[in-house]
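Read through the structure below, which is laid out as structure tokens, and then see the notes.
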Amino acid sequence: MFKIVLFFVLYFSFSIAKHEHYDGYVVYQITVTDKQQAERVYTLENELLLDVWLYAAPTIPGLVLVPGPMRERFQSEVAAIGDTNKPVIMLQSLLHAREWVTLPVTLYAIEKLVIDITDKNLVDNIDWIILPIANPDGYEFSHEHLRFWRKNRSTGHTITNLCVGVDLNRNFGYNFGLWSSDIACSEAYHGKGPFSEPESQAVRSIVLEHSNRLELYFDVHSHGSIILYGYGDGILPPNGLTIHLVAVRIAQAIDAVKWPSKPNYSVGNIALTFANVSGTAMDYVQGIGVPLSYIHEMPAHRNENNSLTGTLVDPDYIEQAGYETWEGIKVGARWVLENSRRNKH
Ligand SMILES: *[C@@H]1O[C@H](CO)[C@@H](O)[C@H](O)[C@H]1NC(C)=O
Ligand SMILES: *[C@@H]1O[C@H](CO)[C@@H](O)[C@H](O)[C@H]1NC(C)=O
Ligand SMILES: *[C@@H]1O[C@H](CO)[C@@H](O)[C@H](O)[C@H]1NC(C)=O
Ligand SMILES: CC(=O)N[C@H]1CO[C@H](CO)[C@@H](O)[C@@H]1O
Ligand SMILES: [Zn+2]
């Protein structure tokens, strides 16, 4: 019957108040083959209180926003042909609040998947999950108060609330607490326990919901011009060679279009390149069996080596940041299409 595609998931569950309305909403792309099917979408619009962004016609796929509680009914109405076999790729930015230059990367990807589609096979054959602001309260705080705020804004870690916030990229349940700080005032404070924070819980639930199809997890940070992979204790996953190879290809694709003033990307295991780390989202996702999981560190602002000023954003670089990183993401996506676990049987 219909061909529906999970287009993107609006995980606004921890967004600021005016967006709470969209908690759990999902946007589906619908392809219809005849007029009757197109009319069926009209009737579903009223039955299920759908918000139709774009009506489907036999020549044009439609876009439909489905409220969370209606997802199951919507899927059973139209999803009999629905494709739940596609690989999933997840892109994420702003887990660390101050790393503003990571946002253009995910927004540019959305642009290339929804508006300015030049690689249709990546749209048609992959389900993309994009979480542009993984740490919304910290991000807002870095705009309103302290530009270099990194953590989330959770309280209750000290008696007087002198120090606020947990480093979300130390709060995930992999090697939790081994090489992070238990001091609330530290920038690398890991929180009261693994997944103590709603933001890391939200990422976990997205990842677990799609774990059997999730092939590539790409967590964008700033800065360092480096693509990092697990594990944070220096032990390589069994497919470490593949993880490294795909990262090199992604890096080379970005290098080919980067600004000449920026260094080439490098690639490596995070512990061997920097230091042992624990509780990263990357390691957690790798650890549940997702084949490719990366931290992608964007180039430093004006090649600054300082960990704070390197995260600043040159307005001229914003579009380039999105463009060049998408060149790399596409390479990863194509690799997934050719090698996903689904193709192996
Ligand atoms: C990093 O973790 C590995 C594995 O647990 C351990 O052997 C090594 O000593 C650690 N390195 C540091 C600097 O703590
Ligand atoms: C950067 O990478 C390109 C291609 O990957 C290579 O040709 C070039 O020599 C590299 N530059 C440096 C400085 O290593
Ligand atoms: C950052 O460090 C690199 C390597 O040491 C050096 O080449 C570069 O000039 C430094 N950048 C700045 C802005 O100092
Ligand atoms: C997303 C989320 O849970 N944000 C919380 C961060 O911490 C502040 C302060 O405790 C809460 O008000 C937010 O709800
Ligand atoms: Zn970061």
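Throughout, residue positions are numbered sequentially from 1 according to the sequence presented. Ligands are counted one by one from 1 in listed order, and the atoms in each one are counted from 1 as well.
- For residue E99, an N/O/S atom approaches the Zn ion (ligand 5) to within less than 2.8 Å.
- Annotation: the span from Y189 atom OH to S181 atom OG amounts to 8.5 Å, rounded to 0.5 Å.
- With respect to the Zn ion (ligand 5), H221 has ND1 as its nearest N, O or S atom.
- In summary, the aromatic rings of H296 and H221 are positioned with their centroids too far apart to meet the 6.0 Å limit.
- Within a 4.0 Å radius of atom 14 (O) of ligand 2, the protein has at least one heavy atom.
- Between W149 and W100, the ring centre distance reaches or exceeds 6.0 Å.
- Stacking of R204 on the aromatic ring of Y284 is not recorded, the 6.0 Å distance cut-off and the 45° axial limit not both being met.
- The side-chain heavy atoms of Y25 and M70, taken from C-beta on, include no pair separated by under 4.5 Å.
- Taking hydrophobic clusters as Ile, Leu, Val, Met, Phe, Trp and Tyr residues chained together by side-chain heavy-atom distances below 4.5 Å, F172 does not share a cluster with V277.
- When only non-hydrogen protein atoms are considered, atom 8 (C) of ligand 2 lies nearest to N264 ND2, 3.7 Å.
- In this structure, atom 11 (N) of ligand 3 is in close contact with the protein, since a protein heavy atom lies within 4.0 Å of it.
- By heavy-atom distance, the residue among N303, N305, N306 lying nearest atom 3 (C) of ligand 3 is N305.
- For E304, the CD atom is densely surrounded, since the number of other residues' heavy atoms within 6.0 Å is greater than 12.
- At a distance under 4.0 Å, no protein heavy atom can be found next to atom 5 (O) of ligand 3.
- Under the 4.0 Å distance rule, the nearest protein heavy atom to atom 1 (C) of ligand 3 falls inside the cut-off.
- Of all N/O/S atoms in H96, ND1 sits nearest the Zn ion (ligand 5).
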